[in-house]
2 protein chains.
Amino acid sequence: MYEYQYPHPAVTVDIVIFTVRDRQLKLLLIKRAGEPFKGKWALPGGFVQMDEDLEAAARRELAEETGVSGVFLEQLYTFGAVDRDPRERVITIAYFSLIPSDEVVLQAATDAEAVGWFGMDELPPLAFDHADIVAMAHRRLVAKLDYSTIAFQFMPREFTLSELQEVYEIILREEMDRRNFRKWILALEQIEETGGERREGAHRPAKLYRVKYPERVEIIK
Amino acid sequence: MYEYQYPHPAVTVDIVIFTVRDRQLKLLLIKRAGEPFKGKWALPGGFVQMDEDLEAAARRELAEETGVSGVFLEQLYTFGAVDRDPRERVITIAYFSLIPSDEVVLQAATDAEAVGWFGMDELPPLAFDHADIVAMAHRRLVAKLDYSTIAFQFMPREFTLSELQEVYEIILREEMDRRNFRKWILALEQIEETGGERREGAHRPAKLYRVKYPERVEIIK
DNA sequence: TCAAAAGTGTTCTCTTTACACCCATGC
DNA sequence: GCATGGGTGTAAAGAGAACACTTTTGA
C-alpha cells in the first residue's frame, strides 16, 4: 500500500499511432483484456511508473502492448476530465505517433486480447474518452502536414515521389497536381535520390528517394 | 491518509501568464512562501483537486495566487521528469495565458510571499524546471502570433492600430511597416472601428478599434 | 504496339513586400 | 506655425495554382 497525505490521481499515457496502408489512414487499437471496458477497443497505454519519464512510459507501453518501438512520438495533449475513468481519477498524457507502413510487426501483449489496425472511417466504439483523443490527434496530424515534414515519418527507408504524394492525398483527402507536388517537395531539400529505382509493372521505373534527416521533423514555410 | 495499491504521482498545474506593458513582454511570477524553493520566484500553480478538471484547477490557482480571472488560457505541455520536484514525483500540466495590460489587478495570496511582473529579459532564477516551461511558452507565443489572432488577447477593450502593432513588434522583436500592417490586420476582418477616437498629445487622434469575437482565437492564413 | 505510371516547364494569378507624403491636433 | 504621431495607395517581386505532353517499361 502507498499512502499520501492528500489524494493523488492516477496518471497514464495513451498513444495514438497512425500509419498509411491499403490507401487508408489507419489507427492502431488494442482490445482490452481487463475491466473496465473489457473487450472494448482502446488506445494502447498504461500507468506511468514512478521512476520513468512520460515519453519513456509511452514508449514502454507501446512496445509492451503492440511490439512497436523506435518510432516518432510527440506529446499531444493531457486529458483529465474528472469522470473519464470509472475506477478512480485518472489523468492521461496522450502521445501521437506515426510509423511507416512496412515496419508493422504487431504482437498483442498479455494485457491486450488483440491488436489491430483500423481505418479512420471504420473505427469501432472506443473505451474511455479515447474517441476525443483520436479526434484531436487526427486534427493535429492534418494540420502538421501543412507546416512540417511530419509526413516523412510514414515513409519506409526508400520510397518514390508518387508514394509520398499518395500519403499526402490520403491524409488530406484531396488530389494534388503531380508537377506542383514534386516541385514543392524537392524545394524543401529534405529528401534526396538514392540512385536506385523501383520497377514494378508495365511502365517506366520510378526513382527512389530517402529522407535526409529521418530523426528530425522540420517546420517549413 | 489516502491509500493506493500502486504508487501515484502528485499532479499540479502551472500557469505562464504574459502581458505587454511598458514596451516589454512581461511574465507574472510569485515568490514562494513555503518549501521547497522558499523565497524563489516561480510560476503560479498548485495541486489539482480530485473533483475539478485540469483547466478549472489552473483558473482556480491563478485566481487564488494572483487575483487574475476570466482570461485566455490554453494548455501548453505536460512536464513530468522524474526528479523535477525534490519532494515526490510531481507531474505538472502547464497552461499559458495572455492578459490585457490594463486588467492587471494583482494580489498576492497566502501561499505566495509576493507577486510581480518581470520583463522577459530580466527574469530571476526560477524554481523547479519553470525556466523550461517559460521557454516553451515563449516559443509557442511567438509562433502563434504568425498563424492566429492570439495577440488580440493582449489588447484592452478598445485600442488603436498603433497600439496593436506595437504589441506585435515587441513580441516578435522586429519593426513592421505601418501601411502593410494595417492592410493585413484589417483584411482579417477580426476587428472593427468603435466609432470613438483617442486624442492624446499634439497630433491627429487615432481611431479606436475593438475585437469582434473576443472569446475566439482564430487560426489565420 | 499498347497500356500504365513516371517524369518534366511555363504562364497566370494572387500574395507579400517596399516605399513617401499629407492630415489633424496641442502647444 | 511647428512638432508629433495618424492615416493612406501603388508598383515590383515572389509564391502558389493551373495546365498537357513525352518517356520508359512489361506484356
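A, B, ... follow the sequence lines: proteins, then strands. Residue 1 opens every chain.
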What pairs with B:Arg182 under salt bridge (charged side-chain N to carboxylate O under 4.0 Å, His left out), at least two apart in sequence or on another chain? none
With sequence neighbours excluded, tell me which residues meet side-chain contact (heavy atoms from CB on, under 4.5 Å) with B:Val82. A:Asp53, B:Arg89
What pairs with A:Phe128 under ring pair (Phe, Tyr, Trp, His ring centres under 6.0 Å), at least two apart in sequence or on another chain? A:Phe37, A:His130
Please list, by residue number, the residues of residues 160-179 of chain A whose heavy atoms come closer than 4.0 Å to an atom of DNA chain D; answer none if no residue qualifies. A:Asp177, A:Arg179
For residues 180-192 of chain A, which residues have at least one heavy atom under 4.0 Å from DNA chain D? A:Asn180, A:Lys183
Side chains of A:Gln165 and A:Met176: closer than 4.5 Å at any heavy-atom pair? yes
Between protein and nucleotides 23-26 of chain C, what N or O pairs are separated by less than 3.5 Å?
| from | atom 1 | to | atom 2 | distance (Å) |
| --- | --- | --- | --- | --- |
| C:dC23 | O4' | B:Arg204 | NH1 | 3.2 |
| C:dA24 | N3 | B:Arg204 | N | 2.9 |
| C:dT25 | OP1 | B:Arg199 | NH2 | 3.3 |
| C:dT25 | O2 | B:Ala202 | O | 2.9 |
| C:dT25 | O2 | B:His203 | N | 3.1 |

Donor-acceptor contact present, side-chain A:Ser101 to main-chain A:Arg21, <3.5 Å: no
Hey, does the side chain of A:Lys207 come within less than 4.0 Å of C:dT8's phosphate (OP1/OP2), counting only N and O? yes
Strictly by ring pair (Phe, Tyr, Trp, His ring centres under 6.0 Å), give each pair with a member in residues 196-221 of chain B just once, sequence neighbours left out. none
Near DNA chain D, which residues from residues 146-154 of chain B have a heavy atom under 4.0 Å away? none
Suppose we screen for side-chain hydrogen bond (donor to acceptor under 3.5 Å, both in side chains). Which residues come up paired with A:Gln190, at least two apart in sequence or across chains? none
Check salt bridge (charged side-chain N to carboxylate O under 4.0 Å, His left out) between B:Arg178 and all other residues, then give those that pass, not counting sequence neighbours. none
I'd like to know if the side chain of B:Arg84 and the backbone of B:Val90 have a donor-acceptor N/O pair within less than 3.5 Å. yes
With sequence neighbours excluded, residues passing salt bridge (charged side-chain N to carboxylate O under 4.0 Å, His left out) with B:Asp22: B:Lys26
Expected list for residues 146-156 of chain A: side-chain donor-acceptor pairs under 3.5 angstrom, two or more places apart:
| from | atom 1 | to | atom 2 | distance (Å) |
| --- | --- | --- | --- | --- |
| A:Ser148 | OG | A:Lys144 | O | 2.8 |
| A:Ser148 | OG | A:Ile150 | N | 3.1 |
| A:Thr149 | OG1 | A:Glu218 | N | 2.8 |
| A:Gln153 | NE2 | A:Pro214 | O | 3.3 |

Are B:Thr78 and A:Thr78 close enough that a side-chain donor and a side-chain acceptor fall under 3.5 Å? yes
